[in-house]
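Below is one structure, written out as C-alpha cells, with a few remarks after it.
Hydrogens, waters and symmetry mates play no part in the numbers below; they use all other heavy atoms, side chains included. Along the sequence shown, the residues carry numbers beginning at 1.
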Amino acid sequence: LLRSLIYQVFFIGSTLVFSLTILLIGWMVSDTLIARLARSWARINLTALQLICRLDYRVQGIEHLPQKPVIVLCKHQSAWEIIALRALLPFEQSWVLKQELMRLPFFGWALKRLHPIPIDRAAGRRAAAQLIREGERLLNDGRWIVIFPEGTRVAPGTRQPYAIGGAMLAERSGRPVLPIAHNAGYFWGRRRFIKSPGVINVVIGPVLETQGRKAAEINGAVEEWIESTLDALPKPN
C-alpha cells in the first residue's frame, strides 16, 4: 500500500509537470519534440514502477515491430499499457480515446498536441466514420494508430467483444495491424489502487496483412490471436 501510494504521488506529479511543459512550449516546437516528451514521461513512469513498486516487464516479439506506420490493436486490462505503449512503440503515435479525456485540466489540454482521435462512444456510425477518416489521414502523415478494441479495461479471465472500428480502418486503408497481448491486469487491476510486484509479460504479435480482407475477418483474427496468446501466458501466483 505504501509503495503504491508513493508511486501514485509520483505519477500525478510527473503527469502534471510534463503536461504543463507541453502546454508552455507546445506552440513553438515540433510535433516530434512533443512526442519525445511524451515518451520520456512514459519511460520515467515505467522506471518508477520498477523502483518503487517492484513491477517490471518483459517483451517478446520486439522484432515484429515494422518500419512503417501500422494500426496497433492491444489488449486492455490496466492503466499500465497506456504508459507502456507510449514507451515501447515508435514515438509518432495517435491514440483513439474517449473524448471526455480531452476536457481534463492540463492533462487533457496537453493531449491535444499528441494528435489523438477523440471519440464519442455513444455516436455509433458517426464515431466509426470519424475514426476511419481521421485514422487514414494520420496514417498518411506517418503516425501509428493505437486502439484498444475492447473499449474499456477488462479484468483477467474475462472477455469483452472487440469493437470493429479498428478493423474497419484497416480494411479501408489497407494498412497492416499489429496485435499486442499482455497480462498487466494481474498486477495493476482495473479500478485497483494497489500495484502488485512481479513481471508483466508483453507479446507483440506478427503483423497481420489486411489488404483484400474484410473488417469482420480482420477483427476475428486479431481477437483470436490476442486471446489465445493471453491464455498461454503464465498466470501469476
### Message
I need the minimum non-hydrogen distance between R192 and Y186, along with the two atoms involved.
### Response
NH1-O, 4.1 Å
### Query
Taking all non-hydrogen atoms of both residues, which atom of T32 and which atom of E92 are closest, and how far apart?
OG1-OE2, 3.1 Å
### Message
To the nearest 0.5 Å, what is the distance between CG on L139 and CD on E134?
### Response
12.0 Å
### Query
Got a second to check how far L49's CG is from K195's NZ, nearest 0.5 Å?
8.0 Å
### Message
Taking F18 as the starting point, is it possible to reach W95 by hopping between hydrophobic residues whose side chains are less than 4.5 Å apart?
### Response
yes
### Exercise: do N140 and R175 side chains pair donor with acceptor under 3.5 Å
yes
### Message
Nearest 0.5 angstrom please: L208 CG to E217 CD, how far?
### Response
8.5 Å
### Message
Before you tell me yes or no, could you show the steps for T210 and E171 under side-chain hydrogen bond (donor to acceptor under 3.5 Å, both in side chains), namely the whole-Å CA-CA distance, both residues' side-chain angles and the distance that decides it to 0.1 Å?
### Response
CA-CA 6 Å; T210 63; E171 178 189 346; over 6 Å; no
#### Entry: Same apolar cluster: L55 and L2, side chain cutoff 4.5 Å
yes
### Neighbour count above 12 (heavy atom, 6.0 Å) for F107 CZ
no
### Query
From L65 CG over to I180 CD1, what is the distance, rounded to the nearest 0.5 angstrom?
7.0 Å
### Query
Would you call Q77 and R190 a side-chain contact if the rule is heavy atoms closer than 4.5 Å?
no
### Message
Determine whether a donor-acceptor pair (N or O, by modelled atom type, separation under 3.5 Å) exists between the side chain of R54 and the backbone of P197.
### Response
no
### Message
So, using side-chain contact (heavy atoms from CB on, under 4.5 Å) as the criterion, who are the partners of Q160 when residues are at least two apart?
### Response
E150, T152, V154
### Message
If you count every heavy atom of other residues, nucleotides or ligands that lies below 6.0 Å from R36 atom CZ, does the total exceed 12?
### Response
no
### Task
Evaluate side chain to side chain contact (heavy atoms under 4.5 Å, CB included) for R58 paired with V202, printing each intermediate quantity in order.
CA-CA 6 Å; R58 67 169 65 94; V202 182; over 6 Å; no
### Which atom of S173 lies closest to which atom of I71, heavy atoms considered
OG-CD1, 4.0 Å
#### Entry: CZ on R159 to CD on E227, rounded to 0.5 Å
4.0 Å
### Task
Go through L101 and L111 one step at a time and tell me if the side chain to side chain contact (heavy atoms under 4.5 Å, CB included) criterion holds.
CA-CA 8 Å; L101 292 175; L111 268 181; 4.3 Å; yes
### Message
Test side chain to side chain contact (heavy atoms under 4.5 Å, CB included) on I83 and F11; report intermediate values, then the result.
### Response
CA-CA 10 Å; I83 300 169; F11 173 77; 4.0 Å; yes
### Query
Run the side chain to side chain contact (heavy atoms under 4.5 Å, CB included) check on V72 and Q93 step by step: do they pass?
CA-CA 10 Å; V72 176; Q93 304 171 27; over 6 Å; no
### Query
Can you get from V9 to I12 by hopping between Ile, Leu, Val, Met, Phe, Trp and Tyr side chains that sit under 4.5 Å apart?
no
### Query
Are F106 and I34 connected in a single hydrophobic cluster, I mean Ile/Leu/Val/Met/Phe/Trp/Tyr linked by side-chain heavy atoms less than 4.5 Å apart?
no
### Short side-chain donor-acceptor distance under 3.5 Å, Y57 and E81
no
### Message
Under 4.5 Å side-chain heavy-atom separation, chaining through any Ile, Leu, Val, Met, Phe, Trp or Tyr, what else clusters with M168? Say none if it is isolated.
### Response
I132, I164
### Query
Counting only heavy atoms not in E63, do more than 12 sit closer than 6.0 Å to its CD atom?
yes
### Query
With a 4.5 Å heavy-atom cut-off, do L88 and I204 have their side chains touching?
no
### Task
Evaluate side-chain hydrogen bond (donor to acceptor under 3.5 Å, both in side chains) for W225 paired with E223, printing each intermediate quantity in order.
CA-CA 5 Å; W225 185 89; E223 181 173 1; over 6 Å; no
## Note on the structure
All heavy atoms of P149 vs all of C74, minimum pair found to be CD-O, 3.4 Å
### Task
For S78 and G189, indicate whether the former's side chain and the latter's backbone hold a donor-acceptor pair under 3.5 Å.
no
### Query
Does a side-chain heavy-atom distance below 4.5 Å link I82 with F148?
yes
### Task
Verify the distance criterion only: is there a donor paired with an acceptor across the side chains of W188 and S196 at less than 3.5 Å?
no
### Query
When P118 is tested against each of K98, Q99, E100 for side chain to side chain contact (heavy atoms under 4.5 Å, CB included), which residue passes?
Q99
### Query
Are the side chains of L138 and I145 in touch, meaning some heavy atoms are under 4.5 Å apart?
yes
### Task
With rounding to the nearest 0.5 Å, note down the distance linking CD1 in I25 to CG in L20.
11.5 Å
### Query
Any side-chain heavy-atom pair from P236 and F187 closer than 4.5 angstrom?
yes
### Query
Are any of the side-chain heavy atoms of L89 and R39 separated by less than 4.5 Å?
no
### Message
If you define the side chain from C-beta out and look only at heavy atoms, does anything of V59 sit under 4.5 Å from I62?
### Response
yes
### Query
Mind checking what makes side-chain contact (heavy atoms from CB on, under 4.5 Å) contact with L1, not counting sequence neighbours?
F193, I194
### Task
Mark yes or no for whether S94, through its side chain, and P116, through its backbone, hold a donor-acceptor pair below 3.5 Å.
no
### Summary
Between L114 and A38, the two heavy atoms sitting closest are CD2-CB, 3.9 Å
### Query
Between W144 and L169, is there a shared hydrophobic cluster once you connect ILVMFWY residues whose side-chain heavy atoms come closer than 4.5 Å?
no
### Query
Does the side chain of I6 reach to within under 4.5 Å of the side chain of R3, using non-hydrogen atoms?
no
### Query
If every non-hydrogen atom of A215 is compared with every non-hydrogen atom of A167, which pair is closest and at what distance?
O-CB, 3.3 Å
### Message
When you measure from the side chain of H182 to the backbone of I200, do you find a donor-acceptor pair of N or O atoms at a distance under 3.5 Å?
### Response
no
